[in-house]
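The chains referred to below are lettered A, B, ... by the order of the sequence lines, with proteins before strands, and numbering in each begins at 1.
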Amino acid sequence: MRYWLMKSEPAEVSIDDLAARPGQTVPWFGVRNYQARNFMRDAMRVGDLAFFYHSGCAEPGIAGICQVCSTPYPDATQFDPASPYFDAKSSPANPRWLLVDVRLIEKTPYVSLRRLRGASELANMPLLARANRLSITPVSAAEWQFITGTLMA
DNA sequence: GCCAACGTTGGC
DNA sequence: GCCAACGTTGGC
């Protein structure tokens with residue numbers, strides 16, 4: 001089992017939005033970066049756990065824990081001309097963008113980016129690397145345990 | 001709203 | 001295949 005961190009802008013899908021959805025599940029739509037896509041397509045497995053991270057907001061940070069609950073499948077928004085995520089170069093026969101569904105496990109005590117940066121145990125997290133822009137990043141078991149066991153305690 | 005970093009595009 | 005231009009991300 002692997003651990004991940006997945007960024008979402010709360011103005012688009014917040015932890016509370018996820019909690020309010022049918023089955024508390026959401027397709028992780030809108031990823032348009034190949035590295036992040038490849039994590040979903042190639043590395044994620046049903047049952048993997050992920051931090052649900054709020055980005056692009058006043059206080060960025062981890063807002064909850066979710067779980068991968070589907071195998072990869074095409075992101076429907078890439079085929080919708082009305083969607084901001086529309087991709088004219090993709091086609092249903094040869095979809096470019098795949099996603100997985102995630103289900104809420106729990107809303108956690110909020111762990112701000114500032115606190116994450118302050119923990120030397122987390123110095124190697126890709127999230128904290130300078131100018132990191134990747135919306136899905138791996139989390140090590142040690143980092144996961146430190147965040148859930150210490151920062152969320 | 002600024003700006004640094006970085007991925008993508010497209011001309012050559 | 002190089003690389004400049006451009007667009008986007010995301011913290012501040």
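- Place A:Lys89 and A:Gln35 on DNA chain B by their nearest nucleotides, and A:Gln35 ends up nearer the 5' end.
- Heavy-atom distances to DNA chain B give each of A:Arg96 and A:Asn132 a nearest nucleotide, and the one nearer the 5′ end belongs to A:Asn132.
- Regarding contacts with the backbone of C:dT8, every side-chain N or O of A:Tyr85 stays at 4.0 angstrom or more from both OP1 and OP2.
- For the residue pair A:Asp80 / A:Tyr85, no side-chain donor-acceptor distance below 3.5 Å is found, with atom types taken as modelled.
- Distance, A:Arg130 CZ to C:dC12 P: 13 Å, rounded to whole Å.
- Whole-Å rounding puts the A:Leu116 CG to C:dG10 C1' distance at 15 Å.
- Separating the CG atom of A:Asp87 from the P atom of C:dT8 is a distance of 13 Å, rounded to the nearest angstrom.
- Distance OH (A:Tyr53) to P (C:dT9): 15 Å, rounded to an integer number of Å.
- Rounded to whole Å, the distance from CZ on A:Arg133 to P on C:dG7 is 14 Å.
- Applying the 4.0 Å criterion to OP1 and OP2 of C:dG10, one finds that A:Lys7 has a side-chain N or O inside that range.
- In the interface, the side chain of A:Arg32 is not paired with the base of C:dT8 through any donor and acceptor atom under 3.5 Å apart.
- In this structure, A:Arg117 atom CZ and C:dC12 atom P are separated by 5 Å, rounded to whole Å.
- For A:Arg32, the side-chain hydrogen bond (donor to acceptor under 3.5 Å, both in side chains) partners at least two apart in sequence or on another chain are A:Asp75, A:Thr77.
- Remark: the backbone N or O of A:Leu104 is not paired with any side-chain donor or acceptor of A:Arg21 at under 3.5 angstrom.
- Look at CD on A:Glu59: it is 12 Å from C1' on C:dG11, rounded to the nearest Å.
- Outside the 6.0 Å centre-distance limit, the rings of A:Tyr53 and A:Trp4 are not counted as a close aromatic pair.
- Rounded to an integer number of Å, the gap from A:Leu113 CG to C:dG11 C1' is 7 Å.
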